[in-house]
Every structure is written in structure tokens, then in C-alpha cells.
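Remember, it's 1-based here, ligands and their atoms both numbered in the order they're listed. This one's a predicted model, so the numbers in the text were calculated from it and none came from an experiment.
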Amino acid sequence: MDTKNYYITTPIYYPSGKPHMGHAYSSIVADVIARYKRLEGYKVYFLTGTDEHGLKIQREAEKNKKDTQKFCDELSEKFKELTKILNLSNNDFIRTTENRHHKSVEDLWNKLVQSGDIYLDKYKGWYSVSDEAYYDDDEIEEKEGLKISKLSGSKVEWVEEESYFFKLSAWNKKLLDVYKSNPSFILPVARKNEVVKFVEKGLKDLSVSRTSFSWGIPVPKNNKHIIYVWLDALTNYLSALNYPDVSSDLYKKYWPADLHIIGKDILRFHAIYWPAFLMAAKLPLPKRIFGHGWILSDEKKMSKSLGNILDPLDIIKNYGIDQLRYYLIKEVSLGNDGNVSLENLKNCINNDLANNYGNLCQRVFAFLKKNCNNKIPKNTSLTNEGKLLTNKLKKDIKKLNEFINEQDLNNYIKQVIEYSFDSNKYFNDSEPWSLKKTDVKKMNSILYSIVEQIKNISILLLPIMPISANKILDIINVKKEHRNIGEIDNNKSLNHDKELGNIEILFKKVE
Ligand code: MSP
């Protein structure tokens, strides 16, 4: 039974500004996988939330002349709203300012102290508040008189203060063993190779506390120190499962996590620090960390100064949430950087949704209304072409499962939309309208195959476009309990007695 549980997480977001397309992308990717695994029969726990401690947030609140907690409450609410707008199916929304999280971080800290992995010393080096990350001298360059990180381009400042350190160097070899013994621990492979190269150069101990500000979780028994925000933030994946209560149902069912979805910029924290902390605390490691690429606009990273920001909220308002979800998954190959533009979004809506899937449903349902008493004909003798069409999809299920399990969402969606294209072609080529007077039996059999195909395509589209695909399944009266991957091979889930629901245009063409 245990193997049927699945735990997937998004990064928790800094609530320091408005949610943008990068946030929407991380969340939509995780949601698509969560929804698919549920359709496959898994009990899924899907977590998202906000990362609210640290100097970055404290300074942002000060800039806005707001009490820090109040500032976090307001902005975290925006991210919570975004989960509704993006139609995420998350089971929980964690905030690092919650008490349950506080307890969890303290416990993990104590475990690291007990294992002898924490010691007190002095930190001297570079820190980027924007990345909440420490950098070595060789990772810094000077640009226009400013010291910046070569990796992220963000400004760094010199820090000298008493600090607790985590013995990261002691985990160097163990980490390399993990990467070697589990080749899909970090994906995509190119990202894994970067991490391996970095760790092979040798890891230094990591500063895990700060004394120069107060917004965070104090170090137990020495509250002059605040726990480093990344040690705090990463622990969210455990606190949502009631850690340190390891006998709780949630923890037992869902830890270790199956998949952490993150952006490539935060790979180092997840693929190096996180497993090292967990190993030191003698806790099992997550099964996989997948680092997706950047969403680019005009081939550049979106930024206010470049004026190339595509606001997810505007897009959803103008074009619809299912449209945005479909477009992002289809356009960007997960793992690589991907360019998005309004022009391409519109083309995608028109070509794939309005002219292909939408048109297929529309014309077939209209045909049934006019010629088949608005009901789905029974499957009498199927034509060879009809059988070929529906059998291909059924045979492909294994491959489609693999696409999802390898996080290859892009190829998954391309395959699914191709079934829709083929169904449209079959409808055109077999000309059922010309058979109405001559061979009703054949006409019915053609229609049967196409409706069965629409049902199965719609089930496969549920993770990506839950609202639209459910509407189609409503129209053809597929019961809620039949909307899953296991039912794809089950012809009984089609109802031949009930009239089809009202047809509405799901995907309008856009200009
Ligand atoms: N708070 C940390 C994560 C802690 S997880 C324990 C953080 N937050 S963030 O709000 O800055 O970013 C969250 C996610 O959004 C990251 O995965 C990041 O990669 C992603 N994106 C932010 N901008 C992006 C793009 N332009 N494109 C794609 N994703 C990017 O980091």
C-alpha cells in the first residue's frame, strides 16, 4: 500500500513581491504531475507555500514601512490566492512563520547539534541578500563598481560576524556516493553533472546562523543567532508532514518525498545542502530533485527594467487558466530554458485548442445531436481504422506514464494532442455524414470510436486542463469515478442511454 503514496512539492516562494510567471510555472508543473499521479491511483500529497524569514523579507517590509509579520501575512495571502487562480490541487499551504514549522526547524537544528555537525566560529565572506546565499571569492566579480555574484548577477555584501557552521565538508564523499548510487536523484542529467562537478571541487563548511538581524527562527539556547533562512526554508518539506512527530500518519505515509520541483537557480540548496542536512539528522533523502529551466520573454529573463514581464494574472484574465497551463507545458521543455510570448500563446490556443481538440469535440457533438438522437452510438462492428485509432492510445499508456515519471511533460502533451489531430483526420476521411442514408451501422461505429477517443484524450488532458477536460467529460456523461487512467481501457464508461449535455464553445479563437 505504501508504494501507492506520492509526495510532491513546489519551492516555497518569497512573498517579497507580486507572483510572476516563474512562480506560476514551478507550481503548474508540480500540479500537472500531482494530478496525473492521482489519476493513476496514487494517494498524492502536494505541498506549496511561502518562505517568509530572512533579511530579504525584513528589508522589503522596512522599505514598505510595514510591520514584518503583517507584510508577510498580506503577501502570503496573494500567493495563496494564486494557488486558486492557477487551479492548483495542493493539499496544504505552508508558511514558514507558522508554529508547526518553527517546531520542526528547532528539532532539526537540535539533531544537527546532537550529531556533532554544528560548531560556533566566525563568518567572513560575501553574502547576497537577494539570493540569501553565501559566495566564495572566486564566485564574485565587479561590475560598474559593484560586487556581484557571477552565478546570479545579484549584489553581494561583505559579512563578518560570529556564526554557527554546519560541517558540510564532512559530507562531501557521502554526497558524491548518493549522486552515484542514484543516478536520477538530480534531474535533468546536465544539471546533475554541474552539481557533481561542484561537489568534486570540495565543499566548505556552511554558515548556518546570522546575528545581524532578527527576522527568523532563533537558534535554540542562543537566541542572539537566527537560523540561516535556507536551513529554515528547506525544512518546510518536513514540517508539513508533522515532523518531528515521525509516528504521525502524514510523515509515515509521505516521507521521503518523491519529487521536489524547483528552478535551476536553487539547485545547490536542494541538491547539496538539503541531503547533507538530512543525512546528518539521520533522515531518509527525497527520491528526486528536478530543476526546471528559466521562463524567458523575448529570449531574456523577465525583468521590470527590460519591460518584458508577462503577468500570469493578466494572461489568465484575458485568455483563461487552462489555456495558460496548456501553453506553458507545451511550449517549454521541462528542464530547459523556454521562451514565451503573447504571439506564441495565441497561436497555441488557436492551433491546438480551438482548431484541434475544441473543434473535434464541437463537430462530433453537433453531429451526434443532429444524427444520433444526441446520444453516443453503441459499439457494433468497429472499422479497422477506428480500432487502430483507439488501440494506439491504449497501447501508449505505458509510454505516457513513463513520460510523466521522467518529468517529460512536453513529450506527454505533444503525444496527447496528436491523438486529437488523428481523430479529427479520421472524422474527415471517413465522412460519416455521407453514410447517414447508406450505412447507418458504419456511421455509428465511426462515431463510437471517435467519442471513445475523445473520452480518453480528455482523461489524459485532465492534469493539464482540468476545467475544460472535465467539461467535455461532463457533456458525454462520463461518471466522476471513471475519470482516471485505469478507465482508459474500459469501454463501459461510455453512457449510451443518456443524452449529451449542452455543447458550449470551450476554446474561442483569439486574435
Ligand atoms: N524561497 C526560495 C525557495 C525555497 S524552497 C525551500 C525561492 N523563492 S523564489 O520566490 O525566489 O523562487 C521560487 C521559484 O520560482 C524558484 O524555483 C525559481 O526558480 C522560480 N522562478 C523565479 N523566476 C523564474 C523564471 N523567470 N523562470 C522560471 N522559474 C523561475 O527561491
Counting from 1 in the order shown, the ligand 1 atoms closer than 4.0 Å to a non-hydrogen atom of Asp265 are 18 (C), 19 (O)
Should the pair Glu162-Lys122 be classified as a salt bridge under the 4.0 Å nitrogen-to-oxygen rule? no
Rounding to 0.5 Å, atoms CG (Leu400) and CD1 (Ile413) come to a distance of 11.5 Å
Nearest non-hydrogen protein atom to atom 3 (C) of ligand 1, with distance, is Ile12 O, 3.1 Å
**Asked** Is the closest heavy-atom distance from Glu132 to ligand 1 below 4.0 Å?
**Response** no
Within the 4.0 Å heavy-atom cut-off, what Met21 brings close to ligand 1 is neither
Near His292 (heavy-atom distance under 4.0 Å), the atoms of ligand 1 are 28 (C), 29 (N)
**Asked** Between Lys173 and Asp177, is the closest basic N to carboxylate O distance under 4.0 Å?
**Response** yes
A student checking ligand 1 against Gly22 at a 4.0 Å heavy-atom cut-off should list atoms 21 (N), 23 (N), 24 (C), 25 (C), 27 (N), 28 (C), 29 (N), 30 (C)
Counting heavy atoms under 4.0 Å, the part of Tyr237 that contacts ligand 1 is side chain
In short, His101 meets Arg95 closest at the heavy-atom pair CB-O, 4.0 Å
Of all protein heavy atoms, the one nearest atom 24 (C) of ligand 1 is Trp294 CZ3, 2.9 Å
Worksheet item: Can an N or O of Tyr14 be found at a distance shorter than 3.5 Å from an N or O of ligand 1?
Response: yes
Here the atoms of ligand 1 under 4.0 Å from any heavy atom belonging to Asp51 are 1 (N), 2 (C), 4 (C)
The atoms of ligand 1 lying under 4.0 Å from a heavy atom of Gly293, numbered in the order shown, are 28 (C)
The residue among Tyr127, Tyr135, Tyr134 that forms side-chain hydrogen bond (donor to acceptor under 3.5 Å, both in side chains) with Asp131 is Tyr135
Next on the checklist: Under a 4.0 Å threshold between the charged nitrogen and the carboxylate oxygen, would Arg325 count as salt-bridged to Asp31?
Outcome noted: yes
Exercise. Is the ring centre of Tyr412 less than 6.0 Å from the ring centre of Tyr36?
Worked result: yes
Closest heavy-atom pair, Lys287 versus Asn182, reported as atoms and distance to 0.1 Å, is O-ND2, 3.7 Å
- request: Give a yes or no on whether a salt bridge exists between Arg268 and Glu139, defined as a side-chain N under 4.0 angstrom from a carboxylate O.
  value: yes
- Non-hydrogen atoms of Phe269 versus ligand 1: any pair closer than 4.0 Å? no
heavy-atom search around atom 15 (O) of ligand 1 in the protein gives His23 CD2, 3.7 Å
Quiz item: Does the N or O separation between Tyr13 and ligand 1 drop below 3.5 Å for any pair?
Solution: no
Here the atoms of ligand 1 under 4.0 Å from any heavy atom belonging to His20 are 22 (C), 23 (N), 24 (C)
For atom 31 (O) of ligand 1, the closest protein heavy atom turns out to be Ile266 CG2, 3.5 Å
Nearest non-hydrogen protein atom to atom 20 (C) of ligand 1, with distance, is Ser26 OG, 3.9 Å
The atoms of ligand 1 lying under 4.0 Å from a heavy atom of Gly263, numbered in the order shown, are 17 (O), 19 (O)
query: Hey, does the Lys NZ or Arg CZ of Lys253 hover above the aromatic six-ring of Tyr45, less than 6.0 Å from the centre and inside 45° of the axis?
result: no
| message | Check this for me, if you would: do Arg59 and Glu157 make a salt bridge, where the nitrogen-to-carboxylate-oxygen distance has to be below 4.0 angstrom? | response | yes
Under a 4.0 Å N-O cut-off, is there an ion pair linking Glu40 with Lys37?
-> yes
closest protein heavy atom to atom 27 (N) of ligand 1 is Ile295 N, 2.8 Å
### Message
Side chain or backbone, does Ala233 bring an N or O within less than 3.5 Å of an N or O on ligand 1?
### Response
no
